[in-house]
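Residue numbering restarts at 1 for every chain, and letters A, B, ... go by the order of the sequence lines. Note: hydrogens, waters and symmetry copies are ignored here, and every other heavy atom, side chains too, is used.
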There are 2 protein chains.
Amino acid sequence: MKCCPIDNTFKMIGKKFTIHILRNMMLQEQTRFNQFLDSIENINPKTLSARLREMEKTGLIERRVFNETPIRIEYLLTQKGKALRAIIEQMAAFSIKYESRTVFKDKKPRTLHQFLGENPTVLK
Amino acid sequence: MKCCPIDNTFKMIGKKFTIHILRNMMLQEQTRFNQFLDSIENINPKTLSARLREMEKTGLIERRVFNETPIRIEYLLTQKGKALRAIIEQMAAFSIKYESRTVFKDKKPRTLHQFLGENPTVLK
DNA sequence: CGGAATCCTGAGAGATACTG
DNA sequence: CAGTATCTCTCAGGATTCCG
């Protein structure tokens, strides 16, 4: 067997910043290049561009061009991309349950539902 | 906010080979250094050792020494480590649903339950 | 605005040999 | 058996500038 579904998924979302982009698309409804660039810490345009292209190629997102001036380009989750939400939520749930003291500065434990419903600014 | 639970989880399992080790512990019940070394493709002892130490430090696994001859050392999942199974399963489920043609050489779609119940040798 | 083009660096991985 | 010790090396990512 040359491939394993777990390994395969990891190859799609395991690179640096990919899950941050997904997270911001899912939880903050971000769609634009400079939104990602401004809100994801330490990312640079070259790397962001590379991640977006990879995600487009693997069918997680769709690149949509609006011919306005200035030009507007939006990155949107596909159905396949939206299906990753279950993984993202499980990742959040894990740290919320087992690492709340290191994850939340108020050290207050909270539920996944509480976290997902919180002000977007709580996200890094 | 300095930290995000999604990002925090990714830092714990995002490095190369970590999920492979977890997968083999969860689904194949492997516990020993040379089992991992032999079954995880392209891993070398230095990297394996590094990953195991990280996982021990973050509390995902426990290192247990048996003073026999030859010495036997087992790596066991902690409760915290076992809690990652939900993420691993979601990762498997995603590729099974959206990438079965690239993941399974027989190109036959199957359910997560079928995959988890299959012969361990199907895993890479 | 949404990138592309450069140049550059260093952390992390590969290979191999060795040891208690 | 379960690792450590080196050494090398690549390439992903960082910083910066520029373009349509």
- Message: Looking at Arg51(A), I'd like to know whether one of its side-chain N or O atoms comes within less than 4.0 Å of OP1 or OP2 on dA12(D).
- Response: no
- Item | Nucleic acid footprint by protein, nucleotides 14-19 of chain D - heavy-atom cut-off 4.0 Å, B for base, S for sugar-phosphate alone | BBB---
- Look only at the side chain of Gln35(B) and the backbone of Thr31(B), and say whether a donor-acceptor pair between them is shorter than 3.5 Å. yes
- So, with a heavy-atom separation below 4.0 Å from DNA chain C, the residues of residues 61-77 of chain A are Arg63(A), Pro70(A), Ile71(A), Ile73(A), Tyr75(A)
- Note on the structure: Here the distance between atom P of dG13(D) and atom CD of Glu41(A), to the nearest Å, is 16 Å
- What is the distance, rounded to the nearest whole Å, between atom CZ of Phe36(B) and atom P of dG3(D)? 10 Å
- Item | Leu52(A)-Phe66(A) co-clustered via ILVMFWY side chain contacts under 4.5 Å | no
- Query: Would you say the side chain of Leu116(A) lies within less than 4.5 Å of the side chain of Leu27(A), judging by non-hydrogen atoms?
  - Reply: yes
- Query: What integer distance in Å separates Gln35(B):CD from dA2(D):C1'?
  - Reply: 13 Å
- Does Leu76(A) belong to the same Ile/Leu/Val/Met/Phe/Trp/Tyr cluster as Leu22(A), with side-chain heavy atoms less than 4.5 Å apart forming each link? no
- Message: Any side-chain N or O of Ser49(A) below 4.0 angstrom from OP1/OP2 of dA4(C)?
- Response: yes
- Message: Which label fits Tyr75(B) and Phe36(B): parallel for a plane angle under 30°, tilted from 30 to 60°, or perpendicular past 60°?
- Response: tilted
- Query: Is Leu112(A) close to Glu89(A) at the side-chain level, that is, under 4.5 Å between some pair of heavy atoms?
  - Reply: yes
- Task: Taking the side chain as every heavy atom from C-beta outward, state whether Thr9(A) and Gln90(B) have any atom pair closer than 4.5 Å.
- Result: no
- Message: Would Gln30(B) and Ser39(B) count as a side chain to side chain donor-acceptor pair (under 3.5 Å) here? Give the steps.
- Response: CA-CA 10 Å; Gln30(B) 293 184 2; Ser39(B) 61; 3.1 Å; yes
- Note on the structure: In whole angstroms, the gap separating P of dC1(C) from CD of Gln30(A) amounts to 15 Å
- Round to a whole Å and report the spacing from CG of Leu52(A) to P of dG13(D). 13 Å
- Query: Does anything in residues 43-53 of chain B pair up under salt bridge (charged side-chain N to carboxylate O under 4.0 Å, His left out), and if so which pairs, sequence neighbours excluded?
  - Reply: Arg51(B)-Glu54(B)
- Starting at CG of Leu48(B) and ending at P of dG14(C), how long is that distance when rounded to a whole Å? 12 Å
- Within this structure, what is the CG-to-P distance between Asn34(A) and dA4(C), rounded to whole angstrom? 13 Å
- Do the side-chain N or O atoms of Arg32(B) get closer than 4.0 angstrom to the phosphate oxygens (OP1, OP2) of dA2(D)? yes
